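Notes follow once the structure below has been shown.
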Number of protein chains: 2
Amino acid sequence: MMTRIIYLMKNTPAPAETGTVTKPPTMTLIARHAGVSRVAVHAVLSPRPGSNIGVSQEKRDLILKVARELGYVRNESARSLATGRTNTIGVIVQSLKTRFFTDFFTYLDEVCYADGYSVTISTSEFTSAREARHLRTMVSRPVDGLILAQSSPWHNDDLLEQCSVRGIPVVLLGGDDLELKFPSVAFDTAGAGELAADYFYRLGHRRVAFFHAGEAGDDSARMHNVRHSFFAQAWGRRSLSAPLALVTGDPAHGGIQAAAKLAALAPADRPTAVACGTDELAISLIYALRTAGLRVPEDLSVVGCDDIPAAADPGIALTTVKLPTDGLARQAWQLLSRKLHGKPSTKGGKHSKILVPPELVARATAASPPPAAL
Amino acid sequence: MMTRIIYLMKNTPAPAETGTVTKPPTMTLIARHAGVSRVAVHAVLSPRPGSNIGVSQEKRDLILKVARELGYVRNESARSLATGRTNTIGVIVQSLKTRFFTDFFTYLDEVCYADGYSVTISTSEFTSAREARHLRTMVSRPVDGLILAQSSPWHNDDLLEQCSVRGIPVVLLGGDDLELKFPSVAFDTAGAGELAADYFYRLGHRRVAFFHAGEAGDDSARMHNVRHSFFAQAWGRRSLSAPLALVTGDPAHGGIQAAAKLAALAPADRPTAVACGTDELAISLIYALRTAGLRVPEDLSVVGCDDIPAAADPGIALTTVKLPTDGLARQAWQLLSRKLHGKPSTKGGKHSKILVPPELVARATAASPPPAAL
DNA sequence: CTGTTAGCGCTTTCAT
DNA sequence: ATGAAAGCGCTAACAG
């Protein structure tokens, strides 16, 4: 029987692994082992960014050596209690089933890590109660800052009020409504419409369509409708003829009906270019157009929106308006970290609202219209 | 100028919001306001599961009232320091781009919350360094327990050793290799092969195929090959003819070539049923078969594996072997929470390895073979 | 059944 | 440059 258990703690938790469970080493222990003071250990193991001085090189090396041998890992609970900060920022999003949110989290984690922060994420699963519960645990951990992607109608105002009172900075993600209470970052959807319209116009297109999945009543349909509206406005600034609206309720397969509708039009009436609410929709449309015998981009140009991975697939090579999630994450963190360092985020009483500009990714599905179509 | 800032803390962080930032209320403050002792406040606000007694009802009500008015939220850093526990469990997975992991996290969060724990997740993005860094922050927070989905080759043994020494229980997710060091939970892949083979055999099929994406050299290909091997073994126990192997490198569109191959076979040689490595592949195959003029399930039965949401789509109605992620999360938590409560997880010196059984979801893509084909 | 006391491990201030 | 001491907010012993 090799199992030997050393009970050192007052409330020793029962050993979780078969083996020897010991009390984790503390700075005090390291100080004893190295024959130096606790403060010296602290100075070496938790150096303040500015003051690098204070301990001689040999002492420093000794301390690091002992720490390594003992397997020292700083106890963040204790550190947090003493400093009042946790170096953790909390993120609450609706769901991790949306690729956008997982990308955002991954990028954010990267950029936060570079600044010494870690990120913890929770999902509201579209319910206010779950959001509240996660907000509460984050306030009580406490996190140093919060990034929230709220669904529109339900605001946990009391908890957010707590954040304000406690000085926990909050940044909203894509918030259309709460801008008054907190600063926010969002994609520049208007700019995306502008970009697509401009691109079509400059390629020479004059009859265009916008294809989107705005029929369901959910958040995603709302997004499609917003994108449609911005594209239509942008196009309206350039051309007399409003874009033809193609609407579906099925973001995955809706392209089939839309392609049928387009194929049924006389070439002289048919739009020469179609902007789509999402890349997913654009890809569905392109497949259906090919099946229907229409060539892309020879007969019809198509651009998507988002720049999902499938858009880059050589079999598609979708020209698209990229909404850069990495840029969004970077901006969110920049805004938040400014507030963490006490810089105000209001200008003239209004909270900053940062819009991240879209980028046009030109691949192979958009070109100038055929002369015959003009 | 309405802004008034109250500096109460020694190291007052600069105010993050325009407004009044105050020191958060503590139990001591509540005790003062309510005119009771701190212990009474503690007994009411952090009741021990067993001992519900200790404070009179009116005092209790008063404390709760004051706490609410003051916006009290318990400081978990302090609680953790005092108790040595954080009520947090850490999860490290490869990526959140895999639907499986996000589902797992969501289910796990649900079941952990019910037991008073919260979950924090990090991704290794398939690099050992990133895993190490997240492991380190989790050990130092510290988390009470850890669930790890490790990629095969790189183990951060030193850090895991730290977990053992500190008594932080670890549960592995789908680990094939580390079973010796830690208990693990995984899908019963062998059982899945068994289930599919059994289903085909009982429907009357005698010539079958297994279609998988095992050509790339990555983790996903490895999974496909394992599934193939288990199906082949299970089939071998029932029939003399080995299943025809259809292999692709493209999990998204590989069905096209496979369907072509199947369509080219003489009906008497053609398998009457195809099991697929994933639902994604099965769906790709079904679309391609339809295009090639083969009816499913009249000419050919198809079953998938996983039960992804698209499999339930009425346009597909895929019969599939469901790998229940919710069950996996439940088992992982059960195993971990047993260890949290000090129950050993070894039986006869070996760590437990829990296999979660698959379930056959019968929809519309599998049926008995046509008499003519027999 | 209430109150007093002594820490948890770390940071920070102040004195040497 | 180094050491001593106080305290973060909470919990868990023990005494009244």
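Each chain gets a letter, A, B and so on, in the order the sequences are listed, and its residues count up from 1. What you see is a predicted model, and the numbers here were worked out from it, not measured in a lab.
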Criterion side-chain contact (heavy atoms from CB on, under 4.5 Å) on B:Val185 and B:Leu173, from CA distance to verdict:
CA-CA 5 Å; B:Val185 291; B:Leu173 198 58; 3.6 Å; yes

side-chain contact (heavy atoms from CB on, under 4.5 Å) partners of A:Glu110, counting only residues at least two apart
B:Arg130, B:Arg133

Separation of A:Arg166 atom CZ from D:dC8 atom P, in whole Å?
16 Å

If you take all heavy atoms of B:Leu135 and B:Ile92, which pair is closest and at what distance?
N-CD1, 3.7 Å

In whole Å, what is the span from the CE atom of A:Met27 to the P atom of D:dG3?
16 Å

In sequence, state the C-alpha distance, the side-chain angles, and the governing distance for B:Leu160 and B:Leu148, and then conclude on side-chain contact (heavy atoms from CB on, under 4.5 Å).
CA-CA 10 Å; B:Leu160 291 180; B:Leu148 256 43; 3.5 Å; yes

Partner of A:Arg85 by side-chain hydrogen bond (donor to acceptor under 3.5 Å, both in side chains), out of A:Thr83, A:Thr88, A:Asn87:
A:Asn87

Between B:Val36 and A:Pro25, name the one whose nearest nucleotide on DNA chain C is closer to the 5' end.
B:Val36

In residues 72-79 of chain B, which ones come under 4.0 Å of DNA chain D, going by heavy atoms?
B:Tyr72, B:Arg74, B:Asn75, B:Ala78, B:Arg79

Rounded distance in Å - CZ (A:Arg141) to P (D:dG9)
19 Å

Any A:Lys59 side-chain nitrogen or oxygen under 4.0 Å from OP1 or OP2 of D:dT2:
yes

Tell me, please, which residues at least two apart from B:Asn75 pass side chain to side chain donor-acceptor pair (under 3.5 Å).
none

How would you label the contact of A:Ser80 with the nucleic acid (heavy atoms, under 4.0 Å): base, sugar-phosphate, or nothing?
nothing

Strictly below 4.0 Å: does A:Ser37 bring a side-chain N or O up to OP1 or OP2 of D:dG3?
yes

Using the rule given for side-chain contact (heavy atoms from CB on, under 4.5 Å), can you reason through A:Leu96 versus A:Ile121, listing the C-alpha separation, both sets of side-chain angles and the distance that settles it, and then say yes or no?
CA-CA 9 Å; A:Leu96 284 178; A:Ile121 191 165; 3.9 Å; yes

B:Leu45 CG to D:dG9 P, in whole Å, measures 15 Å

So, OP1 or OP2 of D:dG9: does either fall under 4.0 Å of a side-chain N or O from B:Lys23?
yes

For A:Leu29, is there any backbone N or O sitting under 3.5 Å from a side-chain donor or acceptor partner on A:Thr26?
yes

Heavy atoms from C-beta onward define the side chain here; which of D:dT2, C:dT11, D:dG9 lies closest to that of A:Arg38?
C:dT11

In whole angstrom, give the distance that lies between atom CD1 of B:Ile30 and atom C1' of D:dT11.
15 Å

Tell me the interatomic distance from B:Leu70, atom CG, to D:dG9, atom C1', rounded to whole angstroms.
15 Å

Distance check: side-chain N/O of A:His42 vs OP1/OP2 of C:dC10, anything under 4.0 Å?
no

At less than 4.0 Å, is any side-chain N or O atom of A:Thr83 found next to OP1 or OP2 of C:dT12? Yes or no.
no

Atom pair distance, as rounded to whole Å: CG in B:Leu29 and P in D:dC10
10 Å

Kindly point out which of D:dC8, D:dT11, D:dA5 is positioned nearest to the side chain of A:Val39?
D:dA5

Write down the distance between CZ (B:Arg60) and C1' (C:dC1), rounded to a whole number of angstrom.
12 Å

More 5' along DNA chain C: B:Ala40 or B:Leu81, using each one's nearest nucleotide?
B:Ala40

